[in-house]
Student: 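Can you read through this structure? Questions will come right after.
We name chains A, B, ... by the order of the sequence lines, and we start the count at 1 in each one. If you're wondering where the values come from, they're calculated on a predicted model, not measured in any experiment.
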Amino acid sequence: MSKIRVRFAPSPTGYLHVGGARTALFNWLYARQHGGALILRIEDTDLQRSSPEMVQGILEGLDWLGLDFDEGPFFQSSYVEAHREAVGRMLEAGSAYRDFTPKEERSDAEIKQQVAEAARSAPPPNPYRDFDPAASAAKAAAGEPFVVRFRVPREGTSRFEDLVYGLQEREYREIEDFVLLRTDGHPLYNLGVVVDDIAMGITDVIRGQDHLFNTHKQILLYRALGQPIPRFAHLPLILAPGKEKLSKRKHGEIVSLTTYRDRGFLPEAILNFLALLGWSPESGEYKDREIFSREELVRIFSLERIHKSNAIFNFVEGDARQWTDQKALWMNGEYIKSLPLDRIVPLVAAELRQAGIWRERFATEEAAWFATTVGLLRERYRTLTEFATLGRPYWVEGVDFPFEEPAVEKNLRKDAALRTLLPVLADRLSALDSFTHATTEEALRQLANESGVKAGLLINGARTALTGQAVGPGIFDVLVAVGQSRTGQRLRHAVTLLG
RNA sequence: GGCGCGUUGGUGUAACUGGUUAACACGCCGCCCUCUCAAGGCGGAGAGCACGGGUUCGAGUCCCGUACGCGCUACCA
C-alpha cells in the first residue's frame, strides 16, 4: 500500500473554526497513525477573501494545538495555471465544453431563491453542450466570453463508498453540468480541489459532511483526468445549540479556536474534547474513559468509529459560566490539575504577564514558592485565566485585589469579635519565628481557644482578609502562600473594612 | 421543491453479528469529608431509545411509512 497522504484544506477566513480544527485533528491523527503525511493547503480560490492576515489565524490555531503538517502551507491560488491546463485537456478530450450563454448577475438572495425554483423543473438542456467543437473553438478565438462546464453523463449512477457514510449513490441526471472555469478564466472550487489533490498525491480525503454531494462531481473529474480516485471520509458537522450551523457571524468568537487559547484553555484539553465530538473509541479497553493523551488518540483513532449524526456544541450565549461547552471546561480543569506542574507553571506565568501582575522574581529567587502556589491553586481552577483573576491576591503586594462584598459580609462583618481578634491574630502570626502550616495552625487555634470562639470564625475571617474571597484552599496553605508579611498587613487592613 | 444524510436522558457518547430492570462522562440535586469552595467518595433525578406500523419467541439494534433536523442543489468554498 502506498503511503497515506491527507490534507487539511481550509479557506482563509481569518481564524480557525472549531469545526475546522476537528477536521484538522482527524486528518492529523490519521496521518500520524499510518506514518503518512499531512499537507496544509489554503483554499483561496475566492481571491477577494484571501490575504496573509486571513491565513495567520489558521496557522496560529494549528500551531497552538500542536497539529504539525509535513508539507505546505500551499495556496490554491498559485496553481491556477495547472487548473486551466487540466481544463484544456478536458476540453480536448470532450469531457468539458464551452458555454457561451451570457452571465446572469444575481445577488446571493436571488440565487438562493432561483436555485430552489430552477431545481423544481428539469433544467433545459444547455445549447452548447453538443455544439460543434470547431465552431466552439472559433467563437472562443474570436474573443467571445464563455465558461467551461463539465459534461456530466446523461444517464447512469455515480457511486462511491464513503468510509463514514457508507455507499453513496446519485443519478447523473441530478447533477448539472457544473462550471469549471468562470468567464474571467477563474477556476472554481471543485476543479481546484481535484487538480490539487491529484498533484499532491492525496490518498484519503477527510473533510466535512457538507462536501458529500460535491464528491460525486469530483469523482467525475478524477475519471476525466484519468487519475486514481482517493478514499473519502466525510465528517459529521458540529452544530450550535438549536441545531443551527455554528457561524462566526451568529455565534461570535466562540467558534474561533484562538478564543480558547485566550480564555485559558490548554491545547491538550481542547484537542481531547474535539476528538470526542463525533468519534468515540472502541468500547472495551477504553470503556468509560474520556481523558486521552495525544499519543493515545493517535494509537486508537479510527475512521470507522466516526459516526454519522451531527454533534451539538453546547454553550449559553451571555452566560459567563457557560460561555463554552461545560464538558470542555471540565476537561480543561482535569488537564490543569493533572498535567506535570512544570508544564502548567510557564503557562500561568504567561497569563500573569498578560494581566500585568507578573514579577521577575517569581522565576528566580521565588521560583519554588511560585510553583508550589500554582500547585495549590490548580486544584480548583478550570481555566488558566483564573490564576490571574481569582488568583490575583496571591501575586500582588498589599491589598491590591477586590473584596467580594458577600464574602466581607459573611466572614468579616458578621461577628463583631473580629474587630479585636483580627489585630491580635495579626500580631501573633507576625511574631512567629517560623511561618509554616503547622505553626500558623497552632497559633490560630490557640487564639480561638483563649478567646472562646470557634476556629472557623478566625479561619473564614482570615480567608476573606487575605484574599477578599469566601472560597479558596485550606487557610493554612493560604497563609503560607501569602507569606508572613502580607498576612500581617492584610489582617490589619481587614479591620478597616468592618466599618 | 428535489436529492442525500441523520434522530438513544439537557449535552457528548456506549450498547459484539437482535436476547437480563438501556451504560458512561459532563451538567443538575443530595449526603460524606471539612475552616470555605473545589476536588474526592457515595447516592439520586433525568431517556425506554423521534413517532406509527411490521418481521421475530424476543428489536434501540432488521423492514416500511411519517415527522422533525441538517446538508447539498451558484460563473461561493
Student: Rounding to the closest angstrom, what is the interatomic distance between B:rG48 and B:rA22 at atom P?
Tutor: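 Their P atoms lie roughly 12 Å apart.
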Student: In terms of side-chain geometry, is the basic nitrogen of A:Asp325 or A:Lys327 positioned less than 4.0 Å from the acidic oxygen of its partner?
Tutor: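 Salt bridge flag = no for A:Lys327 with A:Asp325.
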Student: Let's see if you can work this out: which of B:rG71, B:rU73, B:rG4 has an atom nearest to the side-chain heavy atoms of A:Gln168?
Tutor: B:rG4
Student: Check the distance between B:rG9's P and A:Ile312's CD1 and give it to me in whole angstrom.
Tutor: 10 Å
Student: Would you mind reporting whether A:Leu390 and A:Arg380 have side-chain heavy atoms less than 4.5 Å apart?
Tutor: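 They are not in contact (no side-chain heavy atoms under 4.5 Å apart), so the answer is no.
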Student: If I take atom CG in residue A:Leu457 and atom P in nucleotide B:rU34, what distance separates them, rounded to the nearest angstrom?
Tutor: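 Between P of B:rU34 and CG of A:Leu457: 20 Å.
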Student: Taking the C1' atom in each of B:rU61 and B:rC72, what is the distance between them to the nearest angstrom?
Tutor: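 Taking atom C1' in both B:rU61 and B:rC72, they lie 29 Å apart.
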Student: Kindly check if the number of other-residue, nucleotide or ligand heavy atoms within 6.0 Å of CD (A:Glu282) is above 12?
Tutor: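 No - once you tally the heavy atoms of other residues, nucleotides and ligands closer than 6.0 Å, there are 12 at most.
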Student: Looking at the side chain of A:Glu43, which of B:rG71, B:rA77, B:rU11 is the nearest nucleotide?
Tutor: B:rA77
Student: Tell me, please, which residues at least two apart from A:Glu442 pass salt bridge (Lys or Arg N to Asp or Glu O under 4.0 Å).
Tutor: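 Residues passing salt bridge (Lys or Arg N to Asp or Glu O under 4.0 Å) with A:Glu442: none at all.
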Student: A:Lys243 has a side chain; which of B:rA77, B:rG27, B:rC70 sits nearest to it?
Tutor: B:rC70
Student: Does A:Arg463 make a side-chain N or O approach to OP1 or OP2 of B:rC35 shorter than 4.0 Å?
Tutor: no
Student: What's the closest nucleotide to the side chain of A:Arg380 if the choices are B:rA38, B:rC3, B:rC75?
Tutor: B:rA38
Student: Could you measure between the two P atoms, the one in B:rG54 and the one in B:rC42, and give it in whole Å?
Tutor: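 Roughly 45 Å separates the two P atoms.
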Student: Between A:Glu169 and A:Arg159, is the closest basic N to carboxylate O distance under 4.0 Å?
Tutor: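 Salt bridge flag = yes for A:Glu169 with A:Arg159.
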Student: Using atom CD of A:Gln326 as one end and atom P of B:rG9 as the other, report the distance to the nearest whole Å.
Tutor: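 Taking CD of A:Gln326 and P of B:rG9, I get 19 Å after rounding.
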Student: 5'-most contact on RNA chain B: A:His307 or A:Leu181, nearest heavy atom basis?
Tutor: A:His307
Student: At less than 4.0 Å, is any side-chain N or O atom of A:Lys308 found next to OP1 or OP2 of B:rC5? Yes or no.
Tutor: no
Student: Could you check which of B:rG12, B:rA39, B:rC28 has an atom nearest any side-chain atom of A:Arg321?
Tutor: B:rC28
Student: Is it true that the NZ or CZ of A:Lys139 lies under 6.0 Å from the centre of A:Phe100's six-membered ring and within 45 degrees of the ring axis?
Tutor: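 Yes, a cation-pi geometry holds between A:Lys139 and A:Phe100.
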Student: I need the OH-P distance between A:Tyr15 and B:rA77, as an integer number of Å.
Tutor: 17 Å
Student: What is the distance, rounded to the nearest whole Å, between atom CZ of A:Arg170 and atom P of B:rG2?
Tutor: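 Between P of B:rG2 and CZ of A:Arg170: 13 Å.
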Student: Counting just side-chain N and O atoms, does A:Arg382 come under 4.0 Å of either OP1 or OP2 of B:rG27?
Tutor: yes
Student: Of the options A:Tyr381, A:Tyr394, A:Trp395, which is the one that meets A:Phe387 in a ring-ring contact (aromatic ring centres under 6.0 Å, His included)?
Tutor: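 Between A:Phe387 and the candidates, ring-ring contact (aromatic ring centres under 6.0 Å, His included) is satisfied uniquely by A:Tyr381.
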Student: If the condition is salt bridge (Lys or Arg N to Asp or Glu O under 4.0 Å), which residues does A:Glu174 pass it with, not counting sequence neighbours?
Tutor: A:Arg170
Student: Nearest to the side chain of A:Tyr189 - B:rA77, B:rC35, B:rA39?
Tutor: B:rA77
Student: Roughly, in whole Å, what's the span from CZ in A:Arg84 to C1' in B:rC75?
Tutor: 14 Å
Student: Determine the Euclidean distance between corresponding P atoms of B:rG1 and B:rA47; express it in Å to zero decimal places.
Tutor: 34 Å
Student: B:rU13, B:rC75, B:rC70: which one has an atom nearest the side-chain heavy atoms of A:Asn310?
Tutor: B:rC70
Student: Any Lys/Arg nitrogen of A:Glu268 or A:Arg343 sitting under 4.0 Å from an Asp/Glu carboxylate oxygen of the other?
Tutor: yes
Student: Pick one for B:rG18: is it syn, with its angle within 90° of 0, or anti?
Tutor: anti
Student: When you measure from the side chain of A:Val147, which nucleotide among B:rC75, B:rG10, B:rU7 comes out closest?
Tutor: B:rC75
Student: Starting at CG of A:Asn214 and ending at C1' of B:rG4, how long is that distance when rounded to a whole Å?
Tutor: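 After rounding, the reported distance stands at 13 Å.
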Student: Output yes when A:Glu386 and A:Arg382 qualify as a salt bridge under the 4.0 Å nitrogen-oxygen rule, no when they do not.
Tutor: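 Result for this pair is no, no salt bridge flagged.
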Student: With RNA chain B as reference, determine whether A:Gly456 or A:Arg289 sits nearer its 5' end, using the nearest nucleotide of each.
Tutor: A:Arg289
Student: When you measure from the side chain of A:Arg182, which nucleotide among B:rA77, B:rC37, B:rG12 comes out closest?
Tutor: B:rA77
Student: Using atom P in both nucleotides, what's the gap between B:rU7 and B:rA15 to the nearest angstrom?
Tutor: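 It comes out at 13 Å once rounded to the nearest Å.
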Student: Could you state the CG-C1' distance from A:Asp177 to B:rC75, rounded to the nearest angstrom?
Tutor: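 Answer to the nearest Å: 14 Å.
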Student: Go through B:rG6, B:rA77, B:rG12 for me and flag the one nearest to the A:Ala311 side chain.
Tutor: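 Nearest to the side chain of A:Ala311 among the choices is B:rG12.
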Student: Using a 3.5 Å limit for the pairing distances, which stems of at least 3 consecutive Watson-Crick or G-U wobble pairs does RNA chain B take part in?
Tutor: B:1-7 with B:67-73, B:10-13 with B:23-26, B:28-32 with B:40-44, B:50-54 with B:62-66
Student: Do any side-chain nitrogens or oxygens of A:Ser280 fall under 4.0 Å of OP1 or OP2 in B:rA14?
Tutor: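 Yes, such a contact exists.
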Student: Distance check, P atoms only: B:rC26 and B:rG6, in whole angstrom units.
Tutor: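 Per the computed distance, 30 Å lies between those P atoms.
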Student: Using the P atoms only, state how far B:rG52 lies from B:rC68, rounded to an integer number of Å.
Tutor: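 Roughly 16 Å separates the two P atoms.
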